[in-house]
Amino acid sequence: MNKEFITYKQALALKELGFDEECIASYDNEGHFKDPFEYNSEETDGYVTNSSLKDPKNFNASSNPALLKNYLNNSFTAAPLYQQAFRWFREKYNLRGFIGFRPNVKQFDCHVYDMSLSGKEYVKQRTMEEFNKDPKVGTYEEAEQACLNKLIEIVKNK
């Protein structure tokens with residue numbers, strides 16, 4: 001099931017960009033995926049956010065003292081699903097990521113569009129030269145990662 005979640009490195013980048021949506025899992029400070037059932041469901045309703053991961057009452061320390069230790073080290077990062085991350089970029093930054101398939105070369109590619117642009121700005125953004133610079137990879141999952149990395153890069157450079 002871990003393949004449904006963005007990578008640890010991507011989760012850290014989203015956290016830096018202000019991602020604080022409810023997630024069902026997290027990563028510890030070493031990048032290990034944390035099972036959602038380790039959280040105290042009475043306090044978190046089974047969800048975590050980067051904000052809630054800073055609050056010790058949200059962990060069942062009696063059943064897992066390591067959770068409290070990690071909390072004290074402020075070492076958790078929310079782990080969103082890919083669909084959550086893409087939705088967040090759409091809603092917060094009006095950026096869309098699309099994954100395509102090139103049958104002639106049997107490769108996937110990803111394209112990012114800034115939907116706030118209009119007319120000539122949009123056309124200029126998507127010239128064939130720019131289109132051909134978009135990452136091309138062998139699998140759909142690699143294209144998802146490349147697309148998300150590109151979205152992160154665009155927002156960091158704004």
Side-chain angles (χ1 to χ4, degrees), residues 1-61 63-64 66-102 106-117 125-126 133-158:
M1 176 146 177
N2 295 11
K3 68 182 179 182
E4 305 302 328
F5 296 88
I6 69 173
T7 67
Y8 173 61
K9 183 178 177 183
Q10 291 168 330
L12 284 176
L14 262 64
K15 184 177 183 179
E16 288 175 19
L17 296 175
F19 181 88
D20 197 30
E21 306 292 320
E22 290 183 337
C23 297
I24 58 171
S26 68
Y27 291 103
D28 67 16
N29 67 341
E30 296 176 4
H32 299 117
F33 185 77
K34 302 307 288 179
D35 189 296
F37 297 108
E38 293 183 45
Y39 302 107
N40 181 342
S41 60
E42 289 177 23
E43 298 294 335
T44 65
D45 294 327
Y47 299 103
V48 295
T49 65
N50 283 315
S51 297
S52 71
L53 288 168
K54 296 177 183 175
D55 190 342
K57 73 179 183 192
N58 293 332
F59 300 100
N60 187 349
S63 66
N64 191 341
L67 284 175
L68 186 58
K69 180 181 176 191
N70 279 333
Y71 154 74
L72 294 171
N73 294 331
N74 191 23
S75 58
F76 284 106
T77 300
L81 298 164
Y82 277 97
Q83 65 193 32
Q84 288 178 280
F86 283 110
R87 182 183 312 114
W88 185 74
F89 278 105
R90 283 193 312 270
E91 292 174 357
K92 185 164 176 93
Y93 296 103
N94 209 13
L95 293 170
R96 307 294 197 271
F98 297 95
I99 297 171
F101 181 69
R102 295 184 178 211
K106 295 187 178 20
Q107 286 185 314
F108 289 90
D109 53 12
C110 73
H111 312 284
V112 174
Y113 298 96
D114 184 342
M115 302 309 284
S116 65
L117 300 178
Q125 177 192 18
R126 298 314 306 164
K133 287 181 185 176
D134 289 336
K136 292 156 197 65
V137 294
T139 68
Y140 186 88
E141 290 75 16
E142 290 171 327
E144 277 182 319
Q145 287 189 13
C147 199
L148 190 53
N149 289 337
K150 191 167 178 120
L151 287 164
I152 291 166
E153 178 186 329
I154 288 169
V155 172
K156 279 185 175 182
N157 292 329
K158 277 191 172 190

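Keep in mind that this is a model prediction, so the values were computed, not measured.
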- prompt: Is a side-chain N or O of Y8 found less than 3.5 angstrom from the main chain of N29, in a donor-acceptor match?
  reply: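 Confirmed, Y8 side chain pairs with N29 backbone.
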- prompt: Are any side-chain N or O atoms of K15 and backbone N or O atoms of F76, one a donor and one an acceptor, separated by less than 3.5 Å?
  reply: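 A pair under 3.5 Å: yes.
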Do any side-chain atoms of residues 80-87 form donor-acceptor pairs under 3.5 angstrom with protein atoms, and if so which ones, sequence neighbours left out?
from	atom 1	to	atom 2	distance (Å)
Y82	OH	Q145	NE2	3.4
Q84	OE1	L81	N	2.8
Q84	NE2	E22	O	2.6

task: Report the residues that fulfil side chain to side chain donor-acceptor pair (under 3.5 Å) with R90, sequence neighbours left out, ordered by chain and then residue number.
output: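 Partners of R90 under the side chain to side chain donor-acceptor pair (under 3.5 Å) test: none.
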task: Just do the side-chain contact (heavy atoms from CB on, under 4.5 Å) check on V112 and R96 with the steps written out, would you?
output: CA-CA 6 Å; V112 174; R96 307 294 197 271; over 6 Å; no
query: E153 and N149: side-chain contact (heavy atoms from CB on, under 4.5 Å), yes or no, with the steps?
result: CA-CA 6 Å; E153 178 186 329; N149 289 337; over 6 Å; no
field: Results of side chain to side chain contact (heavy atoms under 4.5 Å, CB included) for V155 - residues two or more places apart only
entry: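 So V155 forms a side chain to side chain contact (heavy atoms under 4.5 Å, CB included) with L17, F89, Y93, L95.
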- prompt: Got a sec, which residues hit side chain to side chain contact (heavy atoms under 4.5 Å, CB included) with E141, two or more places apart in sequence or on another chain?
  reply: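 Only T139, E144 meet the side chain to side chain contact (heavy atoms under 4.5 Å, CB included) criterion with E141.
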I need the [X] [atom1] to [Y] [atom2] distance, nearest 0.5 Å.
| X | Y | atom1 | atom2 | result |
| --- | --- | --- | --- | --- |
| L151 | K92 | CG | NZ | 14.0 Å |
| T7 | N2 | OG1 | CG | 12.0 Å |
| D109 | I99 | CG | CD1 | 9.0 Å |
| I24 | K34 | CD1 | NZ | 15.5 Å |
| T77 | D28 | OG1 | CG | 9.0 Å |

Please find the pair of heavy atoms, one from [X] and one from [Y], that lie closest to each other, and give the distance.
| X | Y | answer |
| --- | --- | --- |
| A13 | K156 | CB-NZ, 4.1 Å |
| F108 | G138 | CD1-O, 3.7 Å |
| A78 | C23 | CB-SG, 3.9 Å |
| V137 | A143 | CG2-N, 3.3 Å |

field: Non-hydrogen side-chain atoms of W88 and E21 separated by less than 4.5 Å
entry: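 The answer is yes, as the side chains (C-beta and beyond) meet within the 4.5 Å cut-off.
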task: For ring pair (Phe, Tyr, Trp, His ring centres under 6.0 Å), just list the numbers for F5 and F33, CA-CA rounded to whole Å, side-chain angles, deciding distance to a tenth of an Å, and then say yes or no.
output: CA-CA 9 Å; F5 296 88; F33 185 77; 4.8 Å; yes
query: Under 6.0 Å from the NZ atom of K158, do we count more than 12 heavy atoms belonging to anything else shown?
result: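 Above 12, so yes.
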